[in-house]
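Quick caveat, the model's predicted, so the values are computed rather than measured. Just so it is clear: chains get the letters A, B, ... in the order the sequence lines come, proteins before strands, and each one is counted from 1.
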Amino acid sequence: MVSTEKQEEQKIWKLLEQVSDPEVPVLSVNDLGIIRKVEIINGEVIITITPTYSGCPAMDTINMDIRLKLIEHGYKNITFHSILSPAWTTDWMSEEGKRKLLEYGIAPPQYQSDKKGMKEENIECPQCHSHNTKLLSQFGSTACKALYQCYDCKEPFDYFKCH
Amino acid sequence: MDNSNVEMNQLLNYTLHLADTNLILAQRNGECCAYGPILEQDIAITNITLDLLGQARNFYQYAALITGNTATEDSLAYLRTEREYKNLLITEIPNIDWAQIVLRQFFYSVYQYEVFKHLQTGADTQLAAIAEKSIKETTYHVKWSSEWVIRLGDGTTESFEKINKALQNIWQYTGEFFIPADYEKNFIDYSTIKEKWISKIKIVLEEATLKVPENIFMQTGGKTGIHTEHMGFILSDMQYLQRTYPGAEW
C-alpha cells in the first residue's frame, strides 16, 4: 500500500513537469521550485505550494493548471496547501530551469539569495552574453523580473531577480 | 470576555491593522496605474502595489480564519465600514504628485521593513510566516523609494521644492506609526523600531538634502478607526462594486 502511494507520488511529480508557469511558460512548476510536497493520503492528493511573490497573480492559475492536469490523468480528490515559511527563494530554481530561462531570453538569477544586498550588476545579456549591461528598472514586466539593457548589443532584456 | 477571548480579539485587530494599511496604500498607489511619469516607473509603482495587495491578502485570509463563521478575505476587505478600518492615516492622503507618492512609499516601506523584521521572530507563527515572506519584497520597495527620494531631493530646484513640500505635508502622519493601540501591545514593541526607522530615514533624507521637520503636530487615530476626510471617498470607490453587485466576480 505504502509503496504504491510512493509510486503514485512519483508519477504526480512527473506530471508536474508538464505544468508551466503562465508568465514564464518555458519554466515548469518543478523548475521554479514552488512545489514543496506531494502526498497521497487515503486517496486524496495533497499538493503543498509556496508562492513566489505574495501578490503573484499567476499562483491561482498555477493551482488551476495543476488541478486540470491531474484530473486529465484520473486524479479526482485534489487539495492545495499554501505554505509561506520557509519563504520561496530563487535558490530553489533548478539548474535546468536557469538554463531554459537563458535560452528563452531571460537572464537567470545571478547570485545566491543570501548574497542579496549586493548590487545586481553586470548581469549577463541573454542575447550576446556581454556583461556590459545596466539596470533600467528594478521592476520589470512581472513582479519577479527587473529590466536591463545591454550596452553592446543595445537590446533591453528581462532579468529574473534574486529573491 | 475571558482572557483567551481578549487575546484572540487583539490578534484579530492587529492582523486587520496590518491588512488594512497595506490595502489602502495599494488602493492609493493603484491610482497611478497608467499615470506614472514614465513607463518603467508606472510599472514599478504598480508592481509594488501588487506586492502590498498580496501581503494584505495573506493578512486578511488569516484574519478571516480567526474571525470564523462566514468571514472571508473579501468580506473583510470590502464590506466593513469606515470606523472598522485600522489603517495608518498616511495611506489615505491623496497622491498630489510623484514626490508625495514616492516619499509616502519610502516612509512606509522603511517602517514596514522594521515591523516585519520584528514579527518574523514573534510568538504568532502565522504572522511570522507572512512577515518572512513579505520582507523580501519590502526590501526592494525600500531600495526603489530611497533612490527616488534622493533623486528628487538632490535634483533640480523644482524637484527639491516638490519633495520638500511633500515632506512638510506628510511628516505629521508618521507619528502614529510608533504609538501602539491597545490591541498591539502583545505583538510589537515600537521603541527600537522607532529608533531604527529614524536613523534609516535620516541617512536618506540627508543625502537628499532634506531636513526632518521639527515641532510638527502629529496626527493620530488611524489605528483605532478615526480617519481623515479622504477615507470615505477611497472606500466608496473601492467598495462600490461589491456593495452594488454583491458577490460579483470576473
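Across Leu84(A) and Gln126(B), no two heavy atoms sit closer than the pair CD1-NE2, 3.9 Å.
Most heavy-atom pairs under 4.5 Å with chain A, from the set Leu50(B), Leu52(B), Thr125(B): that is Leu50(B).
At most 12 non-hydrogen atoms from other residues, nucleotides or ligands lie less than 6.0 angstrom from CD of Glu206(B). Within 6.0 Å of NZ on Lys194(B) lie no more than 12 heavy atoms contributed by other residues, nucleotides or ligands. The 12-atom threshold is exceeded at CD of Glu72(A), counting heavy atoms of other residues, nucleotides or ligands nearer than 6.0 Å. More than 12 heavy-atom neighbours from other residues, nucleotides or ligands sit within 6.0 angstrom of CD on Glu84(B). In the displayed structure, Arg151(B) atom CZ is contacted under 6.0 Å by at most 12 heavy atoms of other residues, nucleotides or ligands. Applying the 6.0 Å contact sphere to NZ of Lys162(B) captures no more than 12 heavy atoms from other residues, nucleotides or ligands. Heavy atoms of other residues, nucleotides or ligands lying less than 6.0 angstrom from OH of Tyr190(B) number more than 12.
With a 4.5 Å cut-off on side-chain heavy atoms, Pro86(A) and Glu132(B) count as touching. For the pair Trp88(A)/Lys136(B), no side-chain contact is recorded, criterion being any heavy-atom separation below 4.5 Å from C-beta on.
When heavy atoms are compared at a cutoff of 4.5 Å, Leu53(B) does not approach chain A at all. With a 4.5 angstrom heavy-atom cutoff, Asn58(B) touches chain A only via side-chain atoms.
Within residues 135-155 of chain A, the residues having any heavy atom less than 4.5 Å from a heavy atom of chain B are, in residue-number order, Ser137(A), Gln138(A), Phe139(A), Gly140(A), Thr142(A), Ala143(A), Leu147(A).
Using modelled atom types, one finds no donor on one side chain facing an acceptor on the other under 3.5 Å when comparing Ser54(A) with Gln55(B).
Side chain of Lys133(B) to main chain of Thr52(A): a donor-acceptor pair is present (N/O by atom type, distance under 3.5 Å, no hydrogens or angles).
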